[in-house]
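In this chain, residues are counted from 1 in sequence order. First listed ligand is number 1; within each ligand, the first listed atom is number 1.
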Amino acid sequence: MTPTEKIWHNGRFIAWDEANIHVLSHVVSYGSSVFEGVRCYDTQRGPAIFRLKEHTRRLLDSAKIYRMPVPFSLDELVQAQIELVRVNRLRSCYIRPILLRGYGTMGVMPAGNPTEVFLACWEWGKYLGEEAMTQGVDVCVSSWNRMAPNTLPALAKAGGNYLNSQLIRMQADLDGYAEGIALDRDGYVSEGSGENIFVIRDGRIHTPPLAASVLPGITRDSVLTLAREAGVPVVEMNIPREMLYIADEIFFTGTAAEVTPIRSVDRIPVGSGRRGPVTERLQKAFFDIVEGRVEDRFGWLTPVPTA
Ligand code: PPE
């Protein structure tokens, strides 16, 4: 990661190296943070942030779920992220908003710890590698499950959820896979450590419902919208593990992963073992919009002034 100049903290810009917290901040012991990941793309009409309002809304939703007070409005946080990209003079980048329970009192009860708000950004390339976008990645089904619904709420993008993600990702890596797919508490397909999943068979797209312990992905929503527009039938349903083995195509979606094809699961080739036609079509529809090659017909892009 290459540092950028400024990070936004509680309403003002500070130097990258000064964005620090005390080690006894509540978040360090108890994992009490919520965050986002947002991409800004370099379009022909200048830098543009993808679905900024929806990401910021999800950030505030995550805070609400955890009863975390946020001293800024949605609109203030939206404006601050635009300003962040502008002051750092970046054409394309990844924005990481973080809300955390800071320093104050010790103990699990968080009320005595003020919420700290940080917005940072940096340049971030392809999450699963450049080649993955055309060739696809080799993944496994993890022996770790996603958290049960009455343990950690999956609709919140909370730091603590990523302890589970780390176990999935490290295991996959040690076993020679690019990523792991976790099943939910009932044994149905849930999601990757940092991606939602789509399974195609006989021209129909299937994705797990929000009740399958998945993050309500904004890329997921975008791809569902693009698929419906293209007239490809989509269903949100519980997906049995073995459907991964007999699928024609599978792909991941995520802000970091964008739309990444999967070419094998547990060493079983997916379809022909390479990126399939539906995946390619949706990938193209996605990148045409985010890179500004076609009209922004859904109002997904927020331009960043460069002057
Ligand atoms: N599920 C999980 C568990 C997840 O972390 C992400 C995003 C998604 C689904 C896709 O959601 P969305 O980005 O709204 O389409 N993961 C973020 C963090 C990746 C990281 O390594 O950090 C991301 O893609 O930005």
Geometric cation-pi criterion Arg96 and Phe118, 6.0 Å radius, 45° cone: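 No, Arg96 does not sit over the ring of Phe118.
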
Look at atom 16 (N) of ligand 1 and find which of Ser165, Gly194, Ala154, Ala256 reaches it with the closest heavy atom. Gly194

Select the closest option to atom 12 (P) of ligand 1 among Ile218, Ile168, Asn164, Val223, judged by heavy-atom distance.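 Ranked by closest heavy atom to atom 12 (P) of ligand 1, first place is Ile218.
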
Taking it one step at a time, do Phe252 and Tyr127 satisfy ring pair (Phe, Tyr, Trp, His ring centres under 6.0 Å)? CA-CA 11 Å; Phe252 278 139; Tyr127 192 56; 9.3 Å; no

Among Arg58, Lys157, Gln81, which residue meets the side-chain hydrogen bond (donor to acceptor under 3.5 Å, both in side chains) test with Glu36? Arg58

Partners meeting ring-ring contact (aromatic ring centres under 6.0 Å, His included) with Tyr103 (sequence neighbours left out):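 With neighbours one apart ignored, the set is His22.
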
By ring-ring contact (aromatic ring centres under 6.0 Å, His included) - contacts of Tyr94 (at least two apart):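 Trp122, Trp124.
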
Ser165 and Arg146: side chain to side chain donor-acceptor pair (under 3.5 Å), yes or no, with the steps? CA-CA 8 Å; Ser165 287; Arg146 277 316 255 171; 3.3 Å; yes

Answer side chain, backbone, both or neither: which part of [X] comes under 4.0 Å from ligand 1, heavy atoms only.
X: Arg146; value: side chain
X: Ser193; value: backbone
X: Glu195; value: backbone
X: Arg96; value: side chain

[atom] - nearest protein heavy atom and its distance:
atom: atom 15 (O) of ligand 1; result: Thr219 OG1, 2.6 Å
atom: atom 13 (O) of ligand 1; result: Thr255 OG1, 2.6 Å
atom: atom 11 (O) of ligand 1; result: Gly217 CA, 3.5 Å
atom: atom 17 (C) of ligand 1; result: Lys157 NZ, 3.2 Å
atom: atom 1 (N) of ligand 1; result: Glu191 OE1, 2.6 Å
atom: atom 20 (C) of ligand 1; result: Tyr127 OH, 3.4 Å
atom: atom 25 (O) of ligand 1; result: Tyr94 OH, 2.4 Å
atom: atom 5 (O) of ligand 1; result: Tyr162 OH, 2.4 Å

Mind listing the closest non-hydrogen atom pair of Gly102 and Asn113 along with its distance?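 Heavy atoms only, the tightest pair is O-ND2, 3.1 Å.
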
With no hydrogens and no angle check, is any side-chain donor or acceptor of His55 less than 3.5 Å from a backbone partner on Gly37? yes

Using a 3.5 Å distance criterion without hydrogens, assess whether the side chain of Asp61 forms a donor-acceptor pair with backbone atoms of Ala156. no

Can a non-hydrogen atom of Arg58 be found less than 4.0 Å from any atom of ligand 1?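 For ligand 1, residue contact (heavy atoms, under 4.0 Å) with Arg58 is present.
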
Is it true that Arg39 and Glu258 make a salt bridge, defined as a side-chain N closer than 4.0 Å to a carboxylate O? yes

